[in-house]
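Please read all numbers here as calculations on a predicted model, not as lab measurements.
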Amino acid sequence: MAVPKQHYATSSLVIGYALCSSLLAVINKFAITKFNYPGLLTALQYLVSALGVWVLGKLGFLSHDPFVWETAKKFLPAAIVFYLAIFTNTNLLRHANVDTFIVFRSLTPLLVAIADTTFRKQPIPSKLTFLSLLIILGGAVGYVATDSGFTLTAYSWAFAYLITITTEMVYIKHMVTNLGLNTWGFVYYNNLLSLMMAPFFWIMTGEYSDVFAAVGSNHGNLFEIIAFTAVSLSCVFGLLISFFGFACRKAISATAFTVTGVVNKFLTVAINVLIWDKHASPFGLFCLLVTIAGGILYQQSVTGVNSPSIQRDPVASKLMDDKDDGDYSNEDEEKGISGKISGV
C-alpha cells in the first residue's frame with residue numbers, strides 16, 4: 001500500500017506544479033489587464049505569500065526562519081532586487097503579451113552565464129552550453145524582429161525586467177550561500193520585506209493617487225467581480241507555485257523536474273494561444289519555440305552532480321510520507337524563490 005500511496009502523492013505534486021507553473025504567467029496577464037494597478041497588485045501578492053507561509057508554518061506544514069531585524073537588514077538588498085524584478089515583471093505583462101514575457105525570461109541564462117563568469121569567477125561555459133545560449137539569443141532576436149506588437153514602452157519594461165531578474169538570480173545565489181536561511185525563510189523574508197517597501201513605490205510612481213481617485217469616484221474596477229477573481233487567482237497561484245515547486249523538487253529527480261518545467265513552458269504557450277488573441281504571429285511563435293528549445297539544451301548542458309543534501313523540507317515529508325532525505329542544491333533554492341516571478 002505504501003508504494004501506490006507514494007505514487008499518487010508524487011503524481012499530485014507534479015500535476016499541481018504543472019498547473020500552477022503553466023497558468024501563472026497567463027493569470028498574471030489576466031489580472032493586470034482587469035486590475036490596472038501594478039503596485040497594488042504586487043503588494044497583495046506579497047501579503048498573501050507572506051501570510052500564507054506564516055500560517056502554514058504555524059500549522060506545521062512547513063518550517064521557516066523567524067523574522068529577525070538583524071537578518072532583515074542583511075537581506076534587504078536582495079529584497080529590493082526581488083521587488084524590482086516582480087515590479088518590472090508585472091509592468092511587462094501590463095504592456096506586452098505573454099509570449100514576449102517568455103522570450104525575455106528565456107534570455108536570462110545567457111546574462112546569468114555572463115554575470116557568473118565575470119563577477120562570480122565561475123568557469124567559462126562549455127561548448128554545448130555556449131551553443132544553447134546562441135540558440136536562445138537567435139530565437140529571441142527573430143521574435144523581436146517580427147513582433148507586430150512592438151512598442152517602446154513594452155520593450156523598455158522587457159529590458160528592465162531582464163536586467164533585474166538577472167541581477168536577482170545572481171544575487172540570490174550569493175545570499176543562499178552566505179545568509180543561511182532555509183528555503184521558506186527566503187520566501188518569507190522576500191515577501192514580507194517587499195510588502196514593507198510597497199508604499200514607497202506607490203508614492204514614487206504616483207499610483208496611490210490613481211487608486212484613491214478610482215475608489216473616490218467609485219467607477220474604477222477595484223471591486224468588480226472579474227477583477228477580484230483575477231487578483232485572487234494571481235495571489236493564490238503565486239503562493240502555490242512556491243509550495244508545489246519546493247515539494248515537487250523533493251519528490252522527483254532533477255531530470256524529471258527539468259522535463260516538467262519544459263512541458264510547462266509549452267503548456268503556457270498553448271494556453272495563451274487558445275484562450276485569447278494576445279499572442280505572437282506564427283513565425284513569432286516559431287522563434288519562441290526555438291528559444292525554449294535552446295533553454296532545454298542549456299538545462300541539459302549544465303546538469304551535473306547534485307550538491308550535498310540538506311535537511312528535507314517538511315512539506316515534502318508530510319506529502320510523501322518518506323523518511324529519506326532528498327538532495328536540494330543552492331541552485332534549486334534560488335530557482336524556487338524566483339519561480340514566483342516567472343511561473344514558467
Side-chain angles (χ1 to χ4, degrees), residues 24 28 31-32 35-55 57 64-95 105 108 156-176 178-215 222 231-232 234-239 241-242 333-334 336-343:
L24 184 57
N28 282 339
I32 196 61
F35 188 80
N36 197 22
Y37 306 101
L40 182 56
L41 175 61
T42 54
L44 291 171
Q45 292 173 337
Y46 301 139
L47 174 63
V48 171
S49 293
L51 185 61
V53 170
W54 184 80
V55 170
H64 67 82
D65 298 279
F67 187 83
V68 179
W69 278 111
E70 286 302 316
T71 304
K73 292 177 183 178
K74 298 176 182 178
F75 194 86
L76 184 59
I80 293 173
V81 176
F82 174 79
Y83 186 99
L84 291 174
I86 293 284
F87 184 76
T88 53
N89 167 34
T90 305
N91 278 281
L92 170 57
L93 288 172
R94 182 186 186 189
H95 296 284
R105 183 65 176 81
T108 54
S156 295
W157 282 113
F159 281 106
Y161 168 71
L162 187 59
I163 293 171
T164 53
I165 187 60
T166 301
T167 305
E168 194 267 349
M169 285 185 166
V170 174
Y171 195 72
I172 283 293
K173 287 182 182 180
H174 170 76
M175 297 300 292
V176 167
N178 294 286
L179 203 54
L181 294 173
N182 65 21
T183 53
W184 285 107
F186 271 98
V187 175
Y188 187 55
Y189 272 81
N190 253 339
N191 287 280
L192 189 56
L193 288 174
S194 295
L195 180 62
M196 294 177 181
M197 288 186 287
F200 296 101
F201 280 84
W202 292 346
I203 296 172
M204 288 174 58
T205 60
E207 184 180 314
Y208 74 97
S209 60
D210 296 332
V211 174
F212 289 151
V215 173
L222 284 174
V231 172
S232 299
S234 178
C235 293
V236 170
F237 270 72
L239 176 61
I241 189 67
S242 295
E333 189 167 359
E334 168 264 317
I337 296 163
S338 300
K340 182 174 180 286
I341 300 175
S342 63

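Looking at L40, V236, I32, L44 one by one, the single match for side-chain contact (heavy atoms from CB on, under 4.5 Å) with V231 turns out to be L44. With L47 as reference, L195 is the one residue of L192, N191, L195 to meet the side-chain contact (heavy atoms from CB on, under 4.5 Å) rule.
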query = Does the side-chain contact (heavy atoms from CB on, under 4.5 Å) test come out yes or no for F87 and T205, once each step is laid out?
reply = CA-CA 11 Å; F87 184 76; T205 60; 3.9 Å; yes
Checking T42 against Q45 for the side-chain contact (heavy atoms from CB on, under 4.5 Å) test, could you report, in this order, the C-alpha distance in whole Å, the side-chain angles of both residues, the deciding distance, and whether it holds? CA-CA 5 Å; T42 54; Q45 292 173 337; 4.0 Å; yes
Let's go through Y37 and D210 carefully: what are the C-alpha distance in whole Å and the side-chain angles of both, what is the deciding distance for side-chain contact (heavy atoms from CB on, under 4.5 Å) to 0.1 Å, and is it a yes or a no? CA-CA 8 Å; Y37 306 101; D210 296 332; 4.1 Å; yes
Determine, step by step, whether Y83 and Y46 satisfy the side-chain contact (heavy atoms from CB on, under 4.5 Å) criterion, reporting the C-alpha distance in whole Å, the side-chain angles of both residues, the deciding distance to 0.1 Å, and the verdict.
-> CA-CA 9 Å; Y83 186 99; Y46 301 139; 3.4 Å; yes
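We find the CD-CG distance between E207 and L41 to be 9.0 Å, quoted to the nearest 0.5 Å. If you take CD1 on I86 and CD1 on I165, they are separated by 7.5 Å, rounding to the nearest 0.5 Å. Atom-to-atom distance recorded for R94:CZ and F35:CZ is 11.0 Å, nearest 0.5 angstrom. Taking OH of Y188 as the reference point, atom CG of L51 lies at 9.0 Å (rounded to 0.5 Å).
S234 and N28 make their closest contact through OG-OD1, 2.6 Å (heavy atoms, listed as atom of the first residue, atom of the second, distance). Closest heavy-atom contact between A198 and A43: CB-CB, 3.9 Å. Among all heavy-atom pairs drawn from D65 and G185, the shortest one is OD2-CA, 3.7 Å. Minimum interatomic distance between L239 and S49 (heavy atoms only, all atoms of both residues): CD1-O, 3.9 Å. Residues G238 and L24 come closest through the heavy atom pair N-CD1, 4.0 Å.
Looking at T88 and L92, their side chains never come closer than 4.5 Å, going by heavy atoms from C-beta outward. Side chains of V187 and H64 form no contact here, defined as non-hydrogen atoms less than 4.5 Å apart.
The neighbour count for F67 CZ, taken as heavy atoms of other residues, nucleotides or ligands under 6.0 Å away, is above 12. Environment of CZ in F201: crowded, with over 12 heavy atoms of neighbouring residues, nucleotides or ligands closer than 6.0 Å.
Checking side-chain atoms of Y189 against main-chain N and O of V68 turns up a donor-acceptor pair under 3.5 Å. Listed for the W184 side chain is no donor-acceptor partner under 3.5 Å among the backbone atoms of V53.
Outside the 6.0 Å centre-distance limit, the rings of F159 and W157 are not counted as a close aromatic pair.
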